[in-house]
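A short worksheet on the structure shown next.
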Protein chains: 2
Amino acid sequence: MKSESIGNYLKAIYQIQERQNDQPVSTTRLAAQLGVASASVTGMLKRLSAGEPKLVDYEPYYGATLTEAGRKSALELIRHHRLIESYLNQALGYPWDAVHAEAERLEHVISEEMEERLAAALGHPATDPHGDPIPDREGHFEKRDDPCLADLADGQRAEIRRVVAQEPELLRYLAGLGLTPSVQFELVSSAPFNGPVTLRVLGAQPSERVIGREIAEKILVAPLHSTITEPSHE
Amino acid sequence: MKSESIGNYLKAIYQIQERQNDQPVSTTRLAAQLGVASASVTGMLKRLSAGEPKLVDYEPYYGATLTEAGRKSALELIRHHRLIESYLNQALGYPWDAVHAEAERLEHVISEEMEERLAAALGHPATDPHGDPIPDREGHFEKRDDPCLADLADGQRAEIRRVVAQEPELLRYLAGLGLTPSVQFELVSSAPFNGPVTLRVLGAQPSERVIGREIAEKILVAPLHSTITEPSHE
DNA sequence: TCCAAAAATTAGGTAAGCCTAAATATTAAG
DNA sequence: CTTAATATTTAGGCTTACCTAATTTTTGGA
C-alpha cells in the first residue's frame, strides 16, 4: 500500500460501493466517510486515478469506482482488519466493541507473515466478531445477502448473522441485550410506521427485547427453518 | 506520541545515549542511526527542542540529550517494542530473527490497552527474546551491566543473558549455533590480538563453537559461580 | 427553461519530513 | 597558530495530505 491515507480512501470507496450496488462514489459521500474536506477528496481521487498502478477510475463531477487493483488493495486491508479484530477478541480477550478502533491502526502495518500467522492461530475464520466475512488472501469471500431483523415476519425465528456497526456504545448496548452473532430469537412483532421491533431471545431469561427500527436494520439474520406460528390476535 | 518519526528520533537518541554514558548525541551519529541526512536531523532536533512538551535539549554544534519527557516517551516505545517482540515470539511462533522488523512498525500504533493485554498474556515478562529488559509502565527497569562473552577468562562458565543485535542473518547464525539467552557454556579460549573465541556449550553435542570477537562482544553473559579451572597448558 | 441550491473543482496555503547544495563552525594536524 | 578536514547548519525544494475560500458545474424545482 502506497500510504495509510490511500488505504483508507480505497477501503472507504469499497465500502460505499458495496452498499450502493457498485455505483460510483460521490466526492461528498467519501468526504463524509473519511472526515475530510471535499476538496481534499478531489485531490486524492486525481492522484489515485493518475498513479501507477491505477487504483480508481475517476470521472470529474461524476464519481469514483475502484479498479481491479484498487479492489484488491481494499480487500487486503479489510482482511487485515477483520483478522485483527478476531484475534484481539479471541486471543487477547478484547470485548467486541473495542476491536474496531485498534484494528483500524494495526491493519496498515502488519506484514503478510503476521496476517498468515493470525489467520492460522484462529483456524482461518470465515467471519470477524461482528459477523463480517473475512476475505481470503486472494480477496475472495462468500457474498451473502442476509435479510435484516426488521424484514422478518411476525413469529419468524432466525439467527443473528452479522451486526453492521462499529460504534462502541451501540455494540455495548446490543451485547447487553444479548444480541450478538449466532444468537437465535423469534420475532414477536414489528410495529408499523417504522416503529420498534419486539423479539424473544431463545434460551434467555427474561427473553423479550424491544429495539428501534434503525438498529433492527443493522442486524442481519438467517431465518430458521422451524418457524413456530403463534396464534394471531387479530 | 506526536508522530512515528518523532518516536524514532527519541528512541534513537535514547539508545545512543545509553551506549555512551548519557553524553549528548551528535547530529551525524543520529543521522547514521536513522538513515536520514544530517540536515534533516538538525531540523528535527530544533522542532523537538522547541515544541511543547520539550522532548530534547539541543545545543547547536554540540549535541542533543533527552529531557525527562523525551526519555519517558522513548521508554514507552521501547516497552511496546519489546513486549511485541516477546508476544510475536511466544504467542505467534515467530523466530527470534523476525520479531524486530514487525515490532518496529507495530510499536507506534498499539494502544495502552493492547500494551497491557500483551504484557498480561505473557505474564509481565522482564526481558524480550533477545534478553533486552522490558521497562515497566513507568519506564523503570533493572539496569544491568553484564560483561560480554569476550570479557570472560579462559575456563569460566557463564550463561547467556542478552544478545545485542537485530540483524536477522546474525541472529539466525547464532540460533544455529545454539547461542541464545539462558544457554550455559564454558569459555575455552580467547585468541589474542582480537582473535576468535572458542567455547563449549553445556549439554550440546557437539559442544564446541568458535565465533569472531566482534560477535562475542555482542553476547552479554552472567558468569556462573561454579567455575571449573582447566589445567593450563603454559 | 431558467435559476437557485447543492456538489464539485480550482486556487492558494500549511505542516511534517525528507532531500541536496552551499555556507559556516569546529577540530585536529602539522 | 594556521589550515585543511570534518561536522553542522542554513537555504531552498519536494511530496503528501490536509485546509479554506472562490469558482464552476450540475441538478432539481417553479
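Below, each value reflects all heavy atoms present in this structure, side chains not excepted, and no hydrogens, waters or symmetry copies. All values derive from a computational prediction rather than experimental measurement.
In this structure, CG of L45(B) is placed 15 Å from C1' of dT10(D), rounded to the nearest angstrom. The OH-P distance, from Y62(A) to dT24(D), rounds to 25 Å in whole Å. The distance between atom CD of E4(A) and atom P of dA16(C), rounded to the nearest whole Å, is 18 Å. Rounding to whole angstrom units, CG of residue L55(B) and P of dA16(C) are separated by 13 Å. Atom CE of M44(A) and atom C1' of dT15(D) are 12 Å apart (whole Å). L48(B) has its CG atom 16 Å from the C1' atom of dT9(D), to the nearest Å.
Counting only residues at least two apart or on different chains, no salt bridge (Lys or Arg N to Asp or Glu O under 4.0 Å) pair has a member in residues 16-33 of chain A. Sorted by first then second residue, the ring pair (Phe, Tyr, Trp, His ring centres under 6.0 Å) pairs that include residues 107-129 of chain A, not counting sequence neighbours, number zero.
Atom OH of Y94(B) is separated from atom CD of E102(B) by 3.5 Å, given to the nearest 0.5 angstrom.
The phosphate of dT16(D) has neither OP1 nor OP2 within less than 4.0 Å of any side-chain N or O from K2(A). Phosphate contact (OP1/OP2 of dA7(C), side-chain N/O of S38(A), threshold under 4.0 Å): absent. An OP1 or OP2 oxygen of dA7(C) is reached within less than 4.0 angstrom by no side-chain nitrogen or oxygen of S26(A).
Electrostatic pairing of E68(A) and K72(A) does not count as a salt bridge here, judged by no charged N lying under 4.0 Å from a carboxylate O.
Closest contact between the side chain of K46(B) and the listed nucleotides dT9(D), dC19(C), dT10(D) involves dT10(D). Of the listed nucleotides (dC18(C), dC19(C), dA21(D)), dA21(D) has the atom at the smallest distance from the side chain of A39(A). Residue P60(B) places its side chain closer to dT9(D) than to any other of dC19(C), dT9(D), dC18(C).
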Review item, side-chain donor-acceptor pairs of residues 50-64 of chain B, under 3.5 Å, at least two apart:
unit_1 : atom_1 : unit_2 : atom_2 : d
K54(B) : NZ     : V56(B) : O      : 3.4
K54(B) : NZ     : D57(B) : OD1    : 2.4

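Non-hydrogen atoms lying under 4.0 Å from DNA chain D are contributed by Y9(A), all within residues 9-19 of chain A.
Nearer to the 5' terminus of DNA chain D, by closest-nucleotide assignment, is the contact made by V36(A) (compared with the other of V36(A) and Y61(A)).
Looking at residues two or more places apart in sequence or on another chain, you find no side-chain contact (heavy atoms from CB on, under 4.5 Å) involving A126(B). Judged as a side-chain hydrogen bond (donor to acceptor under 3.5 Å, both in side chains), and not counting sequence neighbours, Q17(B) has no contacts.
Using a 4.0 Å heavy-atom distance criterion, S40(A) is classed as a base contact. Residue contacts shown for T42(A) include a base, since a base heavy atom lies under 4.0 Å away.
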